[in-house]
Amino acid sequence: MHHIRATLPDIKQRISQQLAKFNAELMSLGGPHGDTSGGNVVLNVITEFTADFRSAIDGNINDLSVNELSGGARISFVFHELFNNGVKGIDPFDQVKDGDIRTILYNTSGSTPSLFVQTSAFEIIVKQQIKRLEEPALKCCQLIYDELIRILSQLLAKVQAFRRYPQLKDRFNSVVVNFFKTAMNPTNKLVSDLVAMQACYVNTTHPDFLSGHRVRIILLFLFFNV
């Protein structure tokens with residue numbers, strides 16, 4: 001009896017301290033949900049997450065960074081700066097040697113060298129250079145994918161509900177990352193197909209392109225000077 005009287009105040013104090021600690025932690029996580037069902041909680045988290053992701057892409061977030069580009073601004077920078085510079089940085093002549101041109105010209109003329117060089121020689125050279133556009137295009141896709149993953153990581157750390165439900169946070173991360181990875185395959189294929197389409201048919205009669213007879217004159221000049 002005396003032992004109970006001696007230890008009871010200490011037990012009550014420890015219980016009160018623990019209760020206050022966990023109540024404070026509960027309030028930091030958004031307070032009690034009451035009778036809210038699990039389905040409603042998940043739906044609310046999905047709604048909040050998608051709205052925040054859209055805001056990050058549109059640049060409507062409140063805590064905008066002043067030190068680096070992020071979200072939609074970073075994606076725009078990848079398209080208009082990095083990708084643009086990558087394409088412009090390709091020199092179509094750095095991999096075309098005089099010996100290569102000579103070999104192509106002879107190969108396209110067959111067993112009997114013709115007086116006028118066919119446009120097919122020019123098309124072969126151009127198609128080889130068009131193929132080089134695939135690398136910066138695929139790199140652009142990868143950079144945008146990396147930025148989307150970074151946005152995801154930032155939102156997972158920002159959304160309050162994920163602190164209360166860490167397993168839901170892990171599930172969100174897994175589902176969204178898998179979605180992005182799955183979308184990368186058809187995206188890369190589309191980019192490769194677009195480049196292949198351009199290489200499949202070189203429209204030498206386009207107003208912005210050299211006309212067909214001028215191409216032949218240039219090839220004829222190269223044929224006699226390489």
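For the numbers below, each heavy atom of this structure counts, side chains included, while hydrogens, waters and symmetry mates do not. In this chain, residues are counted from 1 in sequence order.
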Measure the spacing between [atom1] of [X] and [atom2] of [Y] and express it to the nearest 0.5 Å.
X    : Y    : atom1 : atom2 : answer
K127 : Y201 : NZ    : OH    : 10.5 Å
F77  : R74  : CZ    : CZ    : 6.0 Å
L133 : S192 : CG    : OG    : 12.0 Å
F180 : I149 : CZ    : CD1   : 6.0 Å
Q154 : F53  : CD    : CZ    : 10.0 Å
I57  : L148 : CD1   : CG    : 5.5 Å

**OP:** Side-chain contact test, heavy atoms from C-beta onward, threshold under 4.5 Å: evaluate it for F179 versus V175 and give yes or no.
**Re:**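 They are not in contact (no side-chain heavy atoms under 4.5 Å apart), so the answer is no.
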Original post:
Take atom CD in Q142; do more than 12 heavy atoms of anything else shown fall under 6.0 Å from it?
Top reply: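 Atom CD in Q142 is packed in, count exceeds 12.
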Subject >> Neighbour count above 12 (heavy atom, 6.0 Å) for R150 CZ >> reply: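 Atom CZ in R150 is packed in, count exceeds 12.
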Could you tell me whether the side chain of [X] and the main chain of [Y] form a donor-acceptor pair under 3.5 Å?
X    : Y    : value
S174 : D170 : no
S76  : G72  : no
Q198 : I130 : no
N173 : K169 : no
R132 : D91  : yes

Subject >> Lys/Arg-Asp/Glu bridge criterion (N-O < 4.0 Å) met for K189, D193 >> reply: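 Yes.
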What's the shortest heavy-atom distance between [X] and [Y], and which atoms?
X    : Y   : result
T50  : T47 : OG1-O, 3.0 Å
C140 : F83 : CB-CD1, 3.8 Å
P136 : G86 : CB-C, 4.3 Å

Subject >> Listed once per pair and sorted, the salt bridge (charged side-chain N to carboxylate O under 4.0 Å, His left out) pairs that draw on residues 43-58, sequence neighbours left out >> reply: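 Output for this query is empty, none listed.
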Cluster overlap [X] with [Y], hydrophobic side-chain contacts below 4.5 Å:
X    : Y    : answer
V177 : L143 : yes
L82  : L138 : no
L194 : I90  : no
I151 : M184 : yes

**OP:** Decide side chain to side chain contact (heavy atoms under 4.5 Å, CB included) for I144 and F79; before the verdict, give the C-alpha distance in whole Å, the side-chain angles of both, and the deciding distance to 0.1 Å.
**Re:** CA-CA 9 Å; I144 294 176; F79 270 117; 3.2 Å; yes
**OP:** Might you work through the side chain to side chain contact (heavy atoms under 4.5 Å, CB included) test for F172 and I46, ending with a clear yes or no?
**Re:** CA-CA 9 Å; F172 254 77; I46 293 175; 3.4 Å; yes
**OP:** Evaluate the criterion salt bridge (charged side-chain N to carboxylate O under 4.0 Å, His left out) for residue pair K131 and E134; output intermediate values, then yes/no.
**Re:** CA-CA 6 Å; K131 182 64 177 177; E134 183 175 357; 2.6 Å; yes
